Amino acid sequence: MIAHLRQKAPFPSRPRPPAADLPVVLLVGVVAGLLLVQSVAAASVAPIVVAASDSSAAADANYTCDGLDDQVEIQAALADLPDGGTVVLSDGTFNCSGSLIPGAGTTLLGQGPEVTSIEFSRNGVLNVSEERVTLDGFHIAGSGYVNASTNTTLDLTPWLGVLTIYASHARVYNVTGTADASIQAVFLLLHNPNVYAPVLEDVELVNCRAADTGTYGFLHNAWGSENTTIKNVRYENCAAVNCGSDGAFNQWVTGFNFAELNDIERLRVTDCLAEGNMESGFHFEWDPEKRDCVFTNCVSRNNGQKPYPDDYLVGDPDFFGAGFYLPGGEVALVNCRAEGNGAFGFFVINPEGMLLYNCTESETGRDSTAGDSAKPISYCILQSLPVTKSPSIVMDYCRSLDSYGWSLFICGTKNALIRNFTMTNPAGIDGIGAMLGCPSHELPVNSTIDAGISDSVIDLAASGDRPQTLVYIINNRNVEYSGRVVSDALRPVVAEWTLAGDVDLTDLEVLPAGGAA
């Protein structure tokens, strides 16, 4: 059954007198006019139907594919459209040995990702290089991409996505996809001035999914030197699952990567899932600027499937293994969860006005097989650059549950505000459940940071008996602690000072697990 276009409800109008009160001639004229308008409107938006070779809808189609080079029929239908027109794809599989390029203002509409599938081969992709394109309701797959580079020509075909969005004001709804390891991503937002020179902005992806891939699920990237900031991108109810499970495009395959070589501004990620990916679930690269990026109700679980390096250090650039990998920038996470990720639940470095509100981590490092090289950390906050914003980071009502390493590690950090933080039953690293500061002796950290914590406020509730020290405070300066530590550990709290300045532990209460002072 071919899908019918849904018309929007008309705008409400002012009350009219009953038809009987209108002059007959006027009423006839109004009806005739309305019929004429409806006829013209219907003619201008009539969809063009393309049927797959294995579809039962061929009799009703404007174009019928034969299962070979199906991009020819689909592209011909797209070329027939006026601005604002729609090509409807039937149920079945479309085998495309070349690329599809919708025109400006057009819609490509399938019957749903379980019903309509577009299979790309011979370097074919779906290119959105014109503005105001809408894609809705189909599955995409790409494989066997070949780099045909010569000594004189740089072929960037593998550095694309099965769906590559170059142009602004794009809408992608209900599209699922996969790819092997021969292409960079399933869904790619790419600034390329040779294709589309303006700023890439106003892109919306809703109910989209990349799964069981050999490459990145969702990726942002940029070529050129101007307009490389991608702006106003919205993800809602999207998922990246098992990316990197079918080989790997490179050793850093993530579920979502929002800033590779591009800066990112006004990013909204809502109700999204990253699960079982080779590296990070939700990821930003270090160098790009991140401004006004907000994650709400997102879940990142069981990421970091790549094996730990044998000589792994915390923060090693060859292994991310994070639920949320957040190197710097204005990023806010609200009601987000990290569960069972390989190395980090939440990795934060050089925060500049970052917010984590009501976030929960559980069982970071749960499935690691790295042995002694595994050093999982639930919340890792590192500062190696000067801080300009105060507070540099706010963590409010966040929780760490049953961590397989440190529940909380803060090192080199200034102007941190941590309130109502709860850590429960961490296994710890080297007998310590939470490391608050940087000790002078060697740490398993890939960093030159040797400072502790300064000018900060930390309020926490800690419990658990697995490590011999639940909370270790070292090299702090001008830090106020409050809250309660409840534990029968050998030394529930250890505090050492090697920096000048006051550390206030007056409001930090330490109790045995039985509750008696």
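What you see is a predicted model; the values in this text were computed from it and never measured. Throughout, numbering of the chain's residues begins at 1 and tracks the sequence. Worth knowing before you read on, the calculation uses all heavy atoms, side chains too, and leaves out hydrogens, waters and symmetry mates.
No donor-acceptor pair under 3.5 Å is formed between the side chain of Asp180 and the backbone N or O of Gly247. In this structure, the side chain of Glu130 does not engage the main chain of Pro102 through any donor-acceptor pair within 3.5 Å. At distances below 3.5 Å, not a single donor-acceptor pair connects side-chain atoms of Glu204 with backbone N or O atoms of Arg171. The main-chain N or O of Val146 is found under 3.5 Å from a side-chain atom of Asn123 such that the two form a donor-acceptor pair. Counting only distance, with no hydrogens or angles, the side chain of Thr107 and the backbone of Leu109 share no donor-acceptor pair below 3.5 Å. Without hydrogens or angle criteria, Lys306 side chain to Gln251 main chain gives a donor-acceptor distance under 3.5 Å. No donor-acceptor pair closer than 3.5 Å links the side chain of Glu226 to the backbone N or O of Thr228. Using a distance-only test at 3.5 Å, with no hydrogens or angles considered, a donor-acceptor pair links the side chain of Asn476 to the main chain of Leu436. In this structure, Glu275 contributes its side chain and Arg301 its backbone to no donor-acceptor pair below 3.5 Å. Checking side-chain atoms of Ser300 against main-chain N and O of Gly323 turns up a donor-acceptor pair under 3.5 Å.
A ring-ring contact (aromatic ring centres under 6.0 Å, His included) with Phe421 is found for exactly one of Tyr397, Tyr481, Tyr379, namely Tyr379. Screening Tyr308, Phe347, Trp286, Tyr325 for a ring-ring contact (aromatic ring centres under 6.0 Å, His included) involving Phe320 leaves a single residue, Tyr325. For the side chain to side chain contact (heavy atoms under 4.5 Å, CB included) criterion with Asp455, the lone passing option out of Thr413, Val479, Asn478 is Asn478.
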Quiz item: Do Leu89 and Leu108 pass the side chain to side chain contact (heavy atoms under 4.5 Å, CB included) test, and can you show the C-alpha distance, the side-chain angles, and the key distance before you say yes or no?
Solution: CA-CA 7 Å; Leu89 301 179; Leu108 186 62; 3.9 Å; yes
Practice problem: Using the salt bridge (charged side-chain N to carboxylate O under 4.0 Å, His left out) rule, take Arg268 and Asp292 through it: C-alpha gap first, then chi angles, then the decisive distance, then the call. | Solution: CA-CA 9 Å; Arg268 297 293 182 268; Asp292 190 14; 3.0 Å; yes
Practice problem: Give the intermediate values and the outcome of side chain to side chain donor-acceptor pair (under 3.5 Å) for residues Thr422 and Arg399. | Solution: CA-CA 5 Å; Thr422 299; Arg399 294 165 293 279; over 6 Å; no
Practice problem: Might you work through the side chain to side chain contact (heavy atoms under 4.5 Å, CB included) test for Ile165 and Val172, ending with a clear yes or no? | Solution: CA-CA 10 Å; Ile165 299 175; Val172 184; 3.8 Å; yes
Self-check item: side chain to side chain contact (heavy atoms under 4.5 Å, CB included) assessment of Ile381 paired with Ile393
Solution: CA-CA 9 Å; Ile381 305 172; Ile393 182 171; 4.0 Å; yes
Quiz item: Is there a side chain to side chain donor-acceptor pair (under 3.5 Å) between Ser400 and Glu361 once you walk through the steps?
Solution: CA-CA 5 Å; Ser400 171; Glu361 169 281 334; 2.7 Å; yes
Quiz item: Please walk me through it: do Asp396 and Asn358 pass side chain to side chain donor-acceptor pair (under 3.5 Å)?
Solution: CA-CA 6 Å; Asp396 212 351; Asn358 197 36; over 6 Å; no
Practice problem: Would you check, one step at a time, whether the test ring pair (Phe, Tyr, Trp, His ring centres under 6.0 Å) holds for Phe344 with Phe346? | Solution: CA-CA 5 Å; Phe344 304 101; Phe346 301 87; over 10 Å; no
Exercise. Decide side chain to side chain donor-acceptor pair (under 3.5 Å) for Ser482 and Asp459; before the verdict, give the C-alpha distance in whole Å, the side-chain angles of both, and the deciding distance to 0.1 Å.
Key: CA-CA 5 Å; Ser482 61; Asp459 173 73; 2.7 Å; yes
Quiz item: Would Leu333 and Met354 count as a side chain to side chain contact (heavy atoms under 4.5 Å, CB included) if you check the C-alpha gap in whole Å, the side-chain angles of each, and the deciding distance to 0.1 Å?
Solution: CA-CA 8 Å; Leu333 276 63; Met354 195 170 292; 5.9 Å; no
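Considering every non-hydrogen atom in both Ala343 and Phe319, the closest pair reads CB-CE2, 3.5 Å. When every heavy atom of Asn242 is checked against every heavy atom of Ser245, the shortest pair comes out as O-OG, 2.7 Å. For the pair Glu119 and Thr93, the tightest heavy-atom approach, listed with the atom from each and the gap, is CG-CG2, 3.5 Å. Closest heavy-atom contact between Cys96 and Ile118: SG-CG2, 3.8 Å. Taking every heavy atom of both residues into account, Cys298 and Val269 meet most closely at SG-O, 3.4 Å. The two residues His191 and Pro193 have their closest heavy-atom pair at NE2-CD, 3.7 Å.
The number of heavy atoms from other shown groups lying within 6.0 Å of NZ (Lys290) is above 12. Around the CG atom of Asp287, the shell of radius 6.0 Å holds no more than 12 heavy atoms that belong to other residues, nucleotides or ligands.
Between the CD atom in Glu260 and the CD atom in Gln184 there is a gap of 6.5 Å [rounded to 0.5 Å]. Atoms OH and SG, from Tyr357 and Cys398 in turn, are 9.5 Å apart once rounded to the nearest 0.5 Å.
For the residue pair Thr388/Glu352, the side-chain donor-acceptor check at 3.5 Å is satisfied.
Glu330 has a carboxylate O that lies under 4.0 Å from a charged side-chain N of Lys389, or vice versa, which qualifies the two as a salt bridge. A salt bridge links Arg291 with Glu265; the closest basic N to acidic carboxylate O contact falls under 4.0 Å. Salt bridge status for Asp402 with Arg366: absent, with no side-chain N to carboxylate O gap under 4.0 Å.
Aromatic pair Tyr235/Phe258: centroids less than 6.0 angstrom apart. Aromatic ring centres of Phe249 and Trp159 lie closer together than 6.0 Å.
For the salt bridge (charged side-chain N to carboxylate O under 4.0 Å, His left out) test, no residue two or more places apart in sequence or in another chain qualifies with Arg209.
Classified by interplanar angle (parallel below 30°, tilted 30° to 60°, perpendicular above 60°), the ring pair Phe295/Phe282 is perpendicular. Using a 30° and 60° split on the angle between ring planes, Trp406 and Phe409 fall in the tilted class, from 30° to 60°.
Residue pairs meeting the salt bridge (Lys or Arg N to Asp or Glu O under 4.0 Å) criterion with at least one member in residues 100-111: none, sequence neighbours excluded.
For the pair Leu81/Thr86, no side-chain contact is recorded, criterion being any heavy-atom separation below 4.5 Å from C-beta on.
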